[in-house]
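No experiment lies behind these values; they were computed from the predicted model shown. Residue indices begin at 1 and follow the sequence shown.
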Amino acid sequence: MIIKILKITAVFFISVSQVFNASGQELMPVFSLTQPETFADNMGLSNAWGDFDNDGDLDLAVSFKTGDIRLYQNNEGVFSNIGPGMGLPTEGKETRSIAWGDYDADGFLDLYIGSNRNGNELYRNNEAKGFIEVGVSLGVDVPHVSTRQISWIDYDNNGTVDLFVADRVGANYLFKNEGGKFVDVSAKTALDDKRPTVGACWFDYNADGLLDLFLTNQSGTADALYRNNGGIFEDVAPELGVEGDKRADDQGGVDCTVGDYDNDGDFDLFVATYGRNYLYNNDGKGGFSEVSESLGIKGDDHMVGASWADYDNDGFLDLFVAGYTGPADNRQPYDRLFHNAGKVFEEINISSSPLNGADHGVQWADFDGDGDLDISLTEGYNVKGHHPLVQNKLGRDGRARSLQVRVLDRDGLPSRAGSEVRLYNNDGTLLSSRLVPTGDGYNSHSNQAVHFGLSKMEPVTIEVTYLTQEGRKVQRIENINPDDFVGTYVDVRQE
């Protein structure tokens with residue numbers, strides 16, 4: 001076990017009013033804009049967190065419709081764009097997706113960028129001294145793809161990080177990583193789905209030790225759930241009832257996000273759509289039931305990005321969904337925050353909050369290391385938009401009720417996307433579960449520790465489930481006192 005100290009930092013912000021429910025009860029802590037001038041430009045689409053320089057705090061990459069790729073370096077809570085000096089583009093092709101992943105296992109996160117039909121780019125991180133484009137030489141530039149979700153995952157459990165690329169206009173791609181070089185195995189694995197895919201979520205939905213893949217598909221087509229049958233994938237969405245209702249041509253799935261919202265140990269699935277949104281409850285037996293409206297998540301919207309997070313540290317995952325409303329020439333953000341009250345979700349009106357500042361990207365992260373989750377948003381449609389960074393102003397006692405766990409591979413690298421982390425109390429009762437991120441929030445894949453909110457500050461057991469070629473392998477660390485780790489995180493390294 002490795003314990004690493006995060007930096008507790010100061011930020012610049014502007015105030016915002018509190019939010020209450022119909023009974024006058026405050027449901028949401030105050031959120032405030034951080035460095036609003038720095039994050040003022042519009043046309044941001046996708047955003048992803050990752051510690052590219054290994055200094056212990058999270059940095060932020062944002063892709064823009066203009067081709068600009070900004071790398072906001074986090075220097076004790078103060079952000080500055082160092083992208084141009086690091087060799088990242090400042091203009092050119094429209095970029096729709098972005099993802100951090102250490103493909104060459106050198107200990108430095110690399111950055112894959114997806115364009116809209118103009119060729120993708122893979123930037124190798126040269127030990128935080130700069131970025132070098134290697135996508136063409138490695139064969140992952142896919143010139144004609146309109147890339148949406150990117151995922152750095154190990155689909156065959158062989159220890160290397162593979163690359164999945166979702167395509168809005170053609171067949172999807174899966175690239176197998178063979179010693180830092182890539183082989184296209186899309187057809188071989190049956191993942192060359194030609195439906196217009198926008199969102200992709202990898203998780204072991206049936207607990208068989210293999211990562212499965214859920215796809216959200218646009219233009220009236222059905223969603224897909226590809227069960228991993230040992231390297232060959234089979235779409236089982238129709239038989240499991242997760243393909244969505246019959247859709248008009250202008251409707252379809254946009255984004256997905258995975259989380260254990262009911263704390264039963266199984267991972268559930270939310271799907272944001274142009275049309276009706278879906279919440280699929282995992283029954284723990286390889287099946288799902290659709291429960292959105294019965295739990296208070298309603299609406300027929302234009303929802304785009306979504307992500308689970310326990311923003312108030314009460315031990316239950318809440319849900320943020322970004323979207324837009326209005327005609328094409330005057331689209332405005334229409335964002336929704338669903339507070340998890342334990343048995344139902346209560347929607348909070350955030351229309352006058354800085355949280356109502358996105359129509360695409362949504363990425364939660366504790367960027368200031370104070371124990372509560374902050375959020376990065378992007379607003380790509382509104383010409384007067386911006387890409388705000390919003391700090392969670394939860395009180396001192398509230399933000400202390402948290403624990404962060406980073407899952408590492410045998411080499412000590414944070415490369416185990418799709419691994420599962422569970423917390424138990426000393427009586428053996430399951431408190432909550434988290435998935436090491438495989439991508440969500442609109443076409444992005446962040447690389448960061450998982451965050452647990454805690455209803456009580458009492459000792460816990462951390463259980464990490466690794467997906468290996470020998471099956472699901474569980475590691476446990478007992479009697480962890482969260483009070484000892486305020487402002488720090490716990491690293492669990494694969495044995």
Side-chain angles (χ1 to χ4, degrees), residues 97 99 101 103-105 112 114 120 122 135 138-217 221-240 242-243 253 256 258 267 269 286 409 415-419 435-440 443 445 466-472:
S97 50
Y103 80 90
D104 53 0
Y112 190 83
N120 295 345
L122 172 57
L138 293 180
V140 293
D141 54 317
V142 282
H144 304 295
V145 71
S146 180
T147 301
R148 296 314 200 242
Q149 184 66 48
I150 303 162
S151 306
W152 290 105
I153 43 81
D154 182 9
Y155 82 94
D156 53 2
N157 293 343
N158 71 347
T160 61
V161 178
D162 308 303
L163 175 65
F164 177 78
V165 179
D167 189 358
R168 179 68 171 79
V169 298
N172 298 322
Y173 289 85
L174 178 63
F175 295 98
K176 179 179 173 61
N177 187 340
E178 295 186 349
K181 298 183 179 181
F182 292 93
V183 177
D184 184 355
V185 295
S186 313
K188 179 180 177 180
T189 58
L191 284 185
D192 54 342
D193 193 324
K194 295 180 175 60
R195 284 173 286 188
T197 300
V198 178
C201 289
W202 292 81
F203 67 120
D204 183 10
Y205 83 89
N206 56 356
D208 66 351
L210 298 167
L211 281 177
D212 311 294
L213 173 61
F214 185 85
L215 300 178
T216 61
N217 296 318
T221 61
D223 297 330
L225 175 55
Y226 279 96
R227 184 176 62 207
N228 188 341
N229 295 326
I232 305 298
F233 290 81
E234 176 187 2
D235 184 8
V236 295
E239 66 185 75
L240 295 182
V242 295
E243 61 181 345
C256 55
V258 176
F267 287 95
L269 177 69
D409 63 18
S415 66
R416 297 297 88 198
S419 297
L435 188 75
V436 178
T438 65
D440 69 0
N443 301 353
H445 187 179
Y466 287 93
L467 307 183
T468 75
Q469 291 189 318
E470 292 76 39
R472 293 166 63 90

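Here the side chains of Arg472 and Leu467 are in contact, with some heavy-atom distance below 4.5 Å. Proximity of Lys176 to Thr189: side-chain heavy atoms (C-beta onward) are nowhere separated by under 4.5 Å. Residues Trp152 and Leu163 are in side-chain contact: their nearest non-hydrogen atoms beyond the backbone lie under 4.5 Å apart. Contact of the Leu215 side chain with the Phe164 side chain is registered, since non-hydrogen atoms from C-beta on lie closer than 4.5 Å. The shortest side-chain heavy-atom distance between Asn120 and Tyr173 does not fall under the 4.5 Å cut-off.
In terms of heavy-atom proximity, His445 sits nearest to Thr438 at NE2-CA, 3.5 Å. Across all non-hydrogen atoms, the minimal contact from Ala222 to Asn217 is O-ND2, 2.8 Å. Closest non-hydrogen pair, Ser97 versus Ile150, comes out as OG-CD1, 3.4 Å. Nearest heavy-atom pair, Ala224 versus Asp193, reported as atom, atom and distance to 0.1 Å: CB-OD2, 4.2 Å. Contact detail for Ala200 and Cys256: the closest heavy-atom pair is C-SG, 3.5 Å. Smallest separation of non-hydrogen atoms from Val198 and Arg168: CG2-CD, 3.5 Å.
Once rounded to the nearest 0.5 Å, the distance linking CG of Leu191 with CD1 of Ile232 reads 9.0 Å. With rounding to the nearest 0.5 Å, the separation of CG in Leu174 from CG in Asp184 is 8.0 Å. Atoms CG and SG, from Leu211 and Cys201 in turn, are 11.5 Å apart once rounded to the nearest 0.5 Å. How far CZ of Arg195 is from CG of Asp235: 5.0 Å, rounded to the nearest 0.5 Å. Here CG of Leu210 is found 10.5 Å from CG of Asp154. Values are rounded to the nearest 0.5 Å. Rounding to the nearest 0.5 angstrom, the gap separating the CH2 atom in Trp202 from the OH atom in Tyr226 is 11.0 Å.
In this structure, Asp212 contributes its side chain and Arg227 its backbone to no donor-acceptor pair below 3.5 Å. At least one donor-acceptor pair under 3.5 Å links the side chain of Asn172 to the backbone N or O of Asp167. Side-chain atoms of Asp162 come within 3.5 Å of backbone atoms of Asn177 as a donor-acceptor pair (strictly under, hydrogens ignored). Without hydrogens or angle criteria, Arg416 side chain to Tyr466 main chain gives no donor-acceptor distance under 3.5 Å. With hydrogens and angles ignored, the 3.5 Å screen pairs a side-chain donor or acceptor of Tyr112 with a backbone N or O of Val140. With hydrogens and angles ignored, the 3.5 Å screen pairs no side-chain donor or acceptor of Asp156 with any backbone N or O of Gly231.
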> For Glu178 and Thr160, what are the C-alpha separation, side-chain angles and deciding distance, and is it a side-chain contact (heavy atoms from CB on, under 4.5 Å)?
Replying inline: CA-CA 8 Å; Glu178 295 186 349; Thr160 61; over 6 Å; no

> When you look at Tyr205 and Leu269, which way does the side-chain contact (heavy atoms from CB on, under 4.5 Å) test go after all the steps?
Replying inline: CA-CA 9 Å; Tyr205 83 89; Leu269 177 69; over 6 Å; no

>> Test side-chain contact (heavy atoms from CB on, under 4.5 Å) on Leu138 and Tyr103; report intermediate values, then the result.
In response: CA-CA 11 Å; Leu138 293 180; Tyr103 80 90; 3.7 Å; yes

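No side-chain donor-acceptor contact under 3.5 Å links Asn228 and Tyr155. Side-chain atoms of Arg148 and Ser146 include a donor-acceptor pair closer than 3.5 Å.
Using bins of under 30°, 30° to 60° and over 60° for the plane-to-plane angle, the ring pair Phe182/Phe175 lands in the perpendicular bin.
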